[in-house]
**Q** 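I'd like to ask you about the structure that follows.
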Amino acid sequence: MDVAPCHTVYVKNLDESVKKEELKKSLYYLFSQFGYIIDIVALKTPKMRGQAFVVFQDINSASNSIRGMQGFLFYKKPLVLSYSKREAEEITRMKVSMPSKKFRQMYGADQAAAVAPTPIASEPTDGDTNGKEVDMDVDAPTSSKVANQILFLKNLPEETTSMMLSMLFNQFPGFKEVRLVPNRHDIAFVEFESEGQSAAALTALQGFKITPSNAMEISYANK
DNA sequence: AGCACA
């Protein structure tokens, strides 16, 4: 029929009165269920208003979102979805593992806030760090079946940033913060305001793939 | 109806 499959979904028939920021955010929430989103572009220029581009890391995510959201009522208007005619720059340049700088500025912001404290037992840091030996024998954080407002994530890919996790978990009510663990790229903690809210996020994002190879495992953190 | 930011 029309355009060849690609990573980018062309969205049209959008309500033109919705502010650009809000539009992108809503699109992000709506489409992130289909996979990792690298970027969303929406312009309010005369030619480009009412349209947007959602750039997925995986083509499959793009395809599934087109199937799944075609005609979806969004701000009272049915979404009209197709593949984009041209592929996004991020994709053609193979900068696929991270959101674009612009996207990061837009939704990221909280790098600093999110990276800060970790719930790991404070290790006596007697300054004899003589080089190569990475001190990895801190009690590895573990998971628990007991409900907890703090989630424990494992099997995260190396490229994971707190910003990516924030964007993912942000969409659930009660989200407080993401905490990365120094020297462990593969695990993280995500805190919510209540156990009910953490449970909702756990269920929704269980097995979510940040990259095609890593399905994250979510459980409750130990109390 | 309209396929792009930097």
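Numbered from 1 within each chain, the chains take letters A, B, ... in sequence-line order.
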**Q** Should A/F53 and A/R86 count as side-chain neighbours, where that means a heavy-atom distance under 4.5 Å?
**A**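 Side chain of A/F53 against side chain of A/R86, heavy atoms only: no contact under 4.5 Å found.
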**Q** Counting neighbours of CD on A/E158 that are heavy atoms of other residues, nucleotides or ligands and sit closer than 6.0 Å, is the number greater than 12?
**A**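 No.
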**Q** Could you go through A/F189 and A/F152, starting from their C-alpha distance and side-chain angles, then the distance that decides it, and tell me whether this counts as ring-ring contact (aromatic ring centres under 6.0 Å, His included)?
**A** CA-CA 5 Å; A/F189 294 89; A/F152 176 63; 5.5 Å; yes
**Q** Determine, using the 4.5 Å side-chain heavy-atom cutoff (strictly less than), whether A/V11 and A/L30 are members of one ILVMFWY cluster.
**A**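 Per the 4.5 Å side-chain linkage, A/V11 and A/L30 are co-clustered.
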**Q** To the nearest angstrom, how far is A/R86 atom CZ from B/dA6 atom C1'?
**A**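 One finds 12 Å between C1' of B/dA6 and CZ of A/R86, rounded.
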**Q** Whole angstrom is fine here: how far is it from NZ in A/K12 over to P in B/dA4?
**A**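 For the pair A/K12 NZ and B/dA4 P, the rounded distance is 13 Å.
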**Q** For DNA chain B, what residues of residues 43-52 of chain A have any heavy atom nearer than 4.0 Å?
**A**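 Those residues whose heavy atoms fall under 4.0 Å from DNA chain B, taken from residues 43-52 of chain A in numerical order, are A/L43, A/K47, A/M48, A/R49, A/G50, A/Q51.
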**Q** Are B/dC3 and A/F53 stacked, with the base six-membered ring and the side-chain ring centres under 5.5 Å apart and planes under 30°?
**A**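 A stacking contact does not exist, since A/F53 is not both close and nearly parallel to the base ring of B/dC3.
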**Q** Expressed as a whole number of angstroms, how long is the span from A/Y10:OH to B/dC5:P?
**A**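 The distance from OH of A/Y10 to P of B/dC5 comes to 13 Å, rounded to the nearest Å.
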**Q** In Å, rounded to the nearest 0.5 Å, how long is the span from CG of A/L79 to OG of A/S65?
**A**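 Answer for the CG-OG pair, A/L79 versus A/S65, is 9.5 Å.
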**Q** Does A/E87 contact B/dA4 through a side-chain donor or acceptor facing the base, at a distance under 3.5 Å?
**A**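 Absent.
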**Q** Quickly work out the A/L79 CG to B/dC3 P distance and round it to whole Å.
**A**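 Going from A/L79 (CG) to B/dC3 (P), I get 17 Å.
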**Q** For A/K209, look at atom NZ and say whether over 12 heavy atoms of other residues, nucleotides or ligands are found less than 6.0 Å away.
**A**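 No, because the 6.0 Å sphere around NZ of A/K209 holds 12 heavy atoms or fewer from other groups.
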**Q** Can you check the A/L14 CG to B/dA1 P distance for me, whole Å?
**A**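 In whole Å, B/dA1 P and A/L14 CG are 13 Å from each other.
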**Q** Rounding to a whole Å, what distance do you find between A/I38:CD1 and B/dC5:C1'?
**A**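 Checked: the CD1 to C1' distance equals 15 Å.
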**Q** Out of B/dA1, B/dC5, B/dC3, which has the shortest distance to the side chain of A/D39?
**A**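 The answer is B/dC5.
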